[in-house]
Amino acid sequence: MNLSPQDVVVVLKSLVDGSARVAQQKDDNFSEELERKFLATGSTYAELGEGLGMSASQVFRSAQRAEEAQLIYRLAGRPAAGDSKQQIKFWPIRANLKEFLIHGLRYAFPVHHGGLVRGIPTAHAAPPLNQQLAESSEPPPVWPDPQGTVRGLEFSPLYKKVPEAARRDPKLYELLALVDAIRDGRAREREIAIRELTSRIDEKW
């Protein structure tokens with residue numbers, strides 16, 4: 001079962017929407033009491049998928065692949081009474097996730113470039129890097145999007161629904177832009193992006 005680009009988006013989304021708790025390893029700080037509290041509240045597959053333009057079954061399969069790739073430790077709770085939607089909980093394995101995003105993602109899912117299009121800025125042209133780097137005279141990298149307001153050079157998103165998901169969630173937008181800077185940025189851009197991404201993954205959002 002091979003990891004898919006959309007699986008990375010699901011894991012990143014789980015970090016920022018309250019359904020994730022970060023652990024150094026899958027059993028760090030883990031106990032039956034913690035598991036009980038962890039499963040007591042949180043998102044369903046359908047709710048997480050709604051924010052990403054995915055179905056519940058797509059999110060479920062992404063979680064399976066991410067777990068197999070050792071990027072997350074997955075807990076699945078029983079549905080509440082009268083609720084057919086299954087709750088989910090991810091424990092991203094922080095060390096593994098950072099290692100993959102920083103060192104492996106650019107090779108596993110390389111960027112494809114295109115011509116000038118209308119879209120949403122990403123990488124160094126998006127927050128938070130655009131607040132830390134000098135503005136370039138070159139057209140910015142953008143995810144193609146008919147609702148976008150910026151004209152720039154086409155930069156392939158990890159998943160086709162990324163622009164829609166980023167519009168809905170500013171924190172997710174930042175993570176995706178940082179990941180793109182690591183995938184295809186210059187040395188200075190990658191250096192800052194790695195620092196910013198690491199600090200966000202280490203936070204317990």
Side-chain angles (χ1 to χ4, degrees), residues 3-22 42-67 69 71-72 74 85-90 92 97-98 100-101 105-106 108-114 117-131 140-185 193 196-197 199-201 203-205:
L3 197 68
S4 167
Q6 73 187 54
D7 307 339
V8 178
V9 179
V10 168
V11 175
L12 293 177
K13 175 64 174 173
S14 76
L15 280 171
V16 300
D17 78 344
S19 68
R21 298 295 182 271
V22 178
S43 301
T44 65
Y45 287 106
E47 289 168 344
L48 187 61
E50 184 177 357
L52 296 174
M54 298 181 187
S55 67
S57 61
Q58 285 178 307
V59 174
F60 179 81
R61 289 192 295 270
S62 284
Q64 287 183 312
R65 291 189 294 264
E67 182 180 26
L71 297 180
I72 64 169
R74 184 166 56 94
K85 297 179 179 179
Q86 189 180 30
Q87 286 184 322
I88 57 169
K89 296 294 182 179
F90 297 153
L97 180 59
K98 288 188 292 188
F100 177 69
L101 293 177
L105 190 67
R106 64 188 304 193
F109 308 124
V111 175
H112 299 286
H113 298 278
V117 296
R118 183 178 299 278
I120 297 176
T122 186
H124 65 270
L129 293 187
N130 66 346
Q131 301 160 6
V142 300
W143 299 318
D145 182 66
Q147 297 183 38
T149 59
V150 175
R151 189 167 176 80
L153 294 174
E154 181 180 356
F155 187 110
S156 61
L158 278 172
Y159 178 62
K160 62 183 179 180
K161 296 294 184 69
V162 156
E164 176 184 339
R167 281 197 301 270
R168 294 177 176 177
D169 189 334
K171 285 188 175 181
L172 178 63
Y173 181 21
E174 288 192 1
L175 286 182
L176 291 167
L178 289 170
V179 164
D180 279 352
I182 294 171
R183 289 169 72 205
D184 196 57
E196 293 288 338
L197 182 68
S199 71
R200 284 162 171 74
I201 292 176
E203 290 176 2
K204 297 184 179 181
W205 292 17

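Excluded from the calculations below are hydrogen atoms, water molecules and symmetry mates; all remaining heavy atoms, backbone and side chain alike, are included. As the structure is a computational prediction, the values presented were derived from the model and not from experiment.
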Inset, instruction - With sequence neighbours left out, write down each residue that passes ring-ring contact (aromatic ring centres under 6.0 Å, His included) with Tyr173, or none if nothing qualifies. - result: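 Per chain and number, Tyr173 pairs via ring-ring contact (aromatic ring centres under 6.0 Å, His included) with Trp143.
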Pairwise distance [atom1]([X]) to [atom2]([Y]) - rounded to 0.5 angstrom:
{"X": "Ser156", "Y": "Arg183", "atom1": "OG", "atom2": "CZ", "answer": "5.0 Å"}
{"X": "Phe60", "Y": "Ser55", "atom1": "CZ", "atom2": "OG", "answer": "12.0 Å"}
{"X": "Arg200", "Y": "Leu15", "atom1": "CZ", "atom2": "CG", "answer": "12.0 Å"}
{"X": "Leu129", "Y": "His124", "atom1": "CG", "atom2": "NE2", "answer": "9.0 Å"}
{"X": "Leu12", "Y": "Leu71", "atom1": "CG", "atom2": "CG", "answer": "10.0 Å"}
{"X": "Ile201", "Y": "Leu97", "atom1": "CD1", "atom2": "CG", "answer": "4.5 Å"}

Inset, instruction - Apply side chain to side chain contact (heavy atoms under 4.5 Å, CB included) to Val10 and Leu48, showing your working. - result: CA-CA 8 Å; Val10 168; Leu48 187 61; 4.0 Å; yes
Heavy-atom closest contact ([X] atom, [Y] atom, distance):
{"X": "Pro140", "Y": "Val150", "answer": "CG-CG1, 3.7 Å"}
{"X": "Val11", "Y": "Ala66", "answer": "CG2-CB, 3.8 Å"}
{"X": "Leu52", "Y": "Lys161", "answer": "O-CB, 3.3 Å"}
{"X": "Pro163", "Y": "Pro144", "answer": "CG-O, 3.9 Å"}
{"X": "Gly49", "Y": "Val59", "answer": "CA-CG2, 3.5 Å"}
{"X": "Ala125", "Y": "Asn130", "answer": "O-ND2, 3.5 Å"}

Legend entry - Partner of Ser62 under side chain to side chain contact (heavy atoms under 4.5 Å, CB included), chosen from Val8, Asp7, Leu3: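 Only one of Val8, Asp7, Leu3 forms a side chain to side chain contact (heavy atoms under 4.5 Å, CB included) with Ser62, namely Asp7.
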Inset, instruction - Determine the sole option in Thr122, Ile120, Asp180, Val111 for which the side chain to side chain contact (heavy atoms under 4.5 Å, CB included) test with Pro141 is passed. - result: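 One option only clears the test, and that one is Thr122.
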Inset, instruction - Report yes if some heavy atom in the side chain of Val162 is under 4.5 Å from a heavy atom in the side chain of Val9; otherwise report no. - result: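 Side-chain contact under 4.5 Å: yes.
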Legend entry - Flag side-chain contact, heavy atom, 4.5 Å: Met54 against Arg61: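 No; the side chains remain at least 4.5 Å from each other.
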Inset, instruction - Identify the residue among Arg167, Arg118, Lys160 that makes a salt bridge (Lys or Arg N to Asp or Glu O under 4.0 Å) with Asp145. - result: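 Of the listed options, the one satisfying the test is Arg167.
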Inset, instruction - Check step by step if side chain to side chain contact (heavy atoms under 4.5 Å, CB included) holds for Ile182 and Leu105. - result: CA-CA 8 Å; Ile182 294 171; Leu105 190 67; over 6 Å; no
Legend entry - Stepwise side chain to side chain contact (heavy atoms under 4.5 Å, CB included) test for Gln6 and Arg65: CA-CA 10 Å; Gln6 73 187 54; Arg65 291 189 294 264; 3.8 Å; yes
Inset, instruction - Please indicate whether Glu164 has more than 12 foreign heavy atoms, meaning atoms of other residues, nucleotides or ligands, lying under 6.0 Å from its CD. - result: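 Check passes, neighbour count above 12.
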